[in-house]
Amino acid sequence: MDSYIIDFKTIGDPRGSLTAVEGAKDIPFEIKRIFYMHHVSADRGGHAHIDTDQVLIPIHGSLKVKLFNGKETEEYVMDDCTKGLYIPRLYFTDMYEFTPETVCLVLSSTHYDMGRSLRSMEAYMTYLKENH
């Protein structure tokens, strides 16, 4: 699998901790969009992006992420705000088991375009068969 965990530089002192995320250094793409999920009351994801890479950072709380690349499945528990999960394009992504207080930040390589995502496993598998 080409997904991986990114460890962000964190500096701590008696006042607390500061974690920095630097574009073009920590993030393997130019950041075009930033969004965050909060007050999540149901599973999220259930789709794949055709041309978008993302980094998911659990700012507070925790969640599980299941990634499928058409052949292999990998699951991550995201519960550390000093770590991000790099999710390459064309990975079918499911996010679930959000704790009630979870805030999850996502850095994206493209601007949002719903037409550039595959919204079901069937559409995803068909796309992979026809395009790869």
Side-chain angles (χ1 to χ4, degrees):
M1 302 266 305
D2 292 326
S3 59
Y4 58 89
I5 296 292
I6 301 169
D7 289 307
F8 300 119
K9 184 176 181 181
T10 300
I11 300 170
D13 65 26
R15 300 170 296 169
S17 298
L18 184 147
T19 299
V21 178
E22 297 185 275
K25 184 176 178 184
D26 299 317
I27 306 303
F29 53 79
E30 180 184 354
I31 300 166
K32 297 277 181 91
R33 180 172 181 248
I34 298 170
F35 64 93
Y36 53 96
M37 297 172 278
H38 54 93
H39 297 98
V40 178
S41 60
D43 294 349
R44 302 288 311 226
H47 60 273
H49 297 283
I50 294 171
D51 60 356
T52 301
D53 299 318
Q54 297 181 321
V55 172
L56 180 147
I57 306 167
I59 299 300
H60 188 70
S62 67
L63 69 148
K64 289 184 179 177
V65 181
K66 183 170 63 172
L67 301 177
F68 177 63
N69 67 2
K71 297 176 184 171
E72 301 173 287
T73 299
E74 194 155 22
E75 183 177 72
Y76 295 88
V77 175
M78 300 302 298
D79 60 1
D80 183 342
C81 65
T82 68
K83 298 183 184 308
L85 174 60
Y86 171 63
I87 304 170
R89 63 192 70 199
L90 285 175
Y91 273 51
F92 199 88
T93 305
D94 288 303
M95 296 170 281
Y96 53 98
E97 292 187 22
F98 288 80
T99 55
E101 72 280 5
T102 298
V103 176
C104 183
L105 182 74
V106 180
L107 311 175
S108 179
S109 67
T110 62
H111 295 114
Y112 182 72
D113 179 354
M114 189 173 181
R116 302 292 299 149
S117 62
L118 304 161
R119 307 303 287 183
S120 71
M121 183 60 75
E122 180 181 355
Y124 174 68
M125 295 306 291
T126 299
Y127 182 88
L128 290 181
K129 287 176 188 170
E130 293 174 355
N131 295 281
H132 287 89

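Side chains included, hydrogens not; waters and symmetry mates left out as well; all remaining heavy atoms used. The structure presented is a predicted model; accordingly, all values stated were derived computationally and were not measured. Positions are given from 1 along the sequence.
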Q. Around atom CZ of R44, are there more than 12 heavy atoms of other residues, nucleotides or ligands at under 6.0 Å?
A. no
Q) Step by step, would you call D113 with T110 a side chain to side chain contact (heavy atoms under 4.5 Å, CB included)? A) CA-CA 8 Å; D113 179 354; T110 62; over 6 Å; no
Q) Do D13 and L18 have side-chain heavy atoms sitting under 4.5 Å apart? A) no
Q: Kindly work out whether a path of hydrophobic side-chain contacts (I/L/V/M/F/W/Y, heavy atoms less than 4.5 Å apart) joins L63 to V106.
A: yes
Q: Give a yes or no answer on whether the side chain of S62 reaches the backbone of D79 with a donor-acceptor pair at less than 3.5 Å.
A: no
Q.
Please report the interatomic distance OG(S109) to CD1(I27), rounded to the nearest 0.5 Å.
A. 11.0 Å
Q | Atom pair CG/CZ of L107 and F29 - distance to nearest 0.5 Å | A | 6.0 Å
Q: Give a yes or no answer on whether the side chain of Y127 reaches the backbone of S117 with a donor-acceptor pair at less than 3.5 Å.
A: no
Q) Hey, quick one: are V40 and M78 part of the same hydrophobic cluster, counting side-chain heavy atoms closer than 4.5 Å, chains of contacts allowed? A) yes
Q) Side chains of I87 and L85: does their closest heavy-atom pair fall under 4.5 Å? A) yes
Q | Taking every non-hydrogen atom, the tightest pair across S108 and T52 | A | OG-CG2, 3.1 Å
Q) Would you find a donor on one side and an acceptor on the other, under 3.5 Å apart, between the side chain of T10 and the backbone of T19? A) no
Q. In Å, rounded to the nearest 0.5 Å, how long is the span from NE2 of H39 to OG1 of T102?
A. 11.0 Å
(Q) Working note: I57 + V55, criterion side chain to side chain contact (heavy atoms under 4.5 Å, CB included); need CA distance, chi angles, decisive distance, verdict. (A) CA-CA 7 Å; I57 306 167; V55 172; 4.1 Å; yes
Q.
For residues F35 and I31: do they belong to one hydrophobic cluster (side chain heavy atoms under 4.5 Å, members Ile, Leu, Val, Met, Phe, Trp, Tyr)?
A. no
Q. Hey, quick one: are I50 and Y112 part of the same hydrophobic cluster, counting side-chain heavy atoms closer than 4.5 Å, chains of contacts allowed?
A. no
Q | Euclidean distance, I59 CD1 relative to L105 CG, rounded to 0.5 Å | A | 5.0 Å
**Q.** Shortest non-hydrogen contact between M37 and M95, atoms and distance
**A.** CE-SD, 3.8 Å
Q.
Students often mix this up, so state it plainly: with edges at 30° and 60°, are the rings of H47 and H49 parallel, tilted or perpendicular?
A. perpendicular
Q: Look at the side-chain heavy atoms of Ile, Leu, Val, Met, Phe, Trp and Tyr, link any pair under 4.5 Å apart, and say whether V21 and Y36 land in one connected group.
A: yes
Q: Could you tell me which non-hydrogen atom of Y124 sits nearest to which non-hydrogen atom of N69, and how far apart they are?
A: OH-C, 3.1 Å
Q) Considering residues, nucleotides and ligands other than K83, do more than 12 of their heavy atoms fall under 6.0 Å from its NZ? A) yes
Q: Can you measure from OG1 (T82) to CD1 (I5) and round to the nearest 0.5 angstrom?
A: 10.0 Å
Q: With the side chain counted from C-beta on, respond yes when Q54 and T93 share a heavy-atom pair under 4.5 Å apart, and no when they do not.
A: no
(Q) Which residue in the set Y76, Y91, Y86 passes ring-ring contact (aromatic ring centres under 6.0 Å, His included) when paired with Y4? (A) Y86
Q: Kindly determine whether M114 and R119 satisfy side chain to side chain contact (heavy atoms under 4.5 Å, CB included), including the steps that lead there.
A: CA-CA 9 Å; M114 189 173 181; R119 307 303 287 183; 4.0 Å; yes
Q: To the nearest 0.5 angstrom, please state how far the CD atom of E72 sits from the CG atom of D2.
A: 9.0 Å
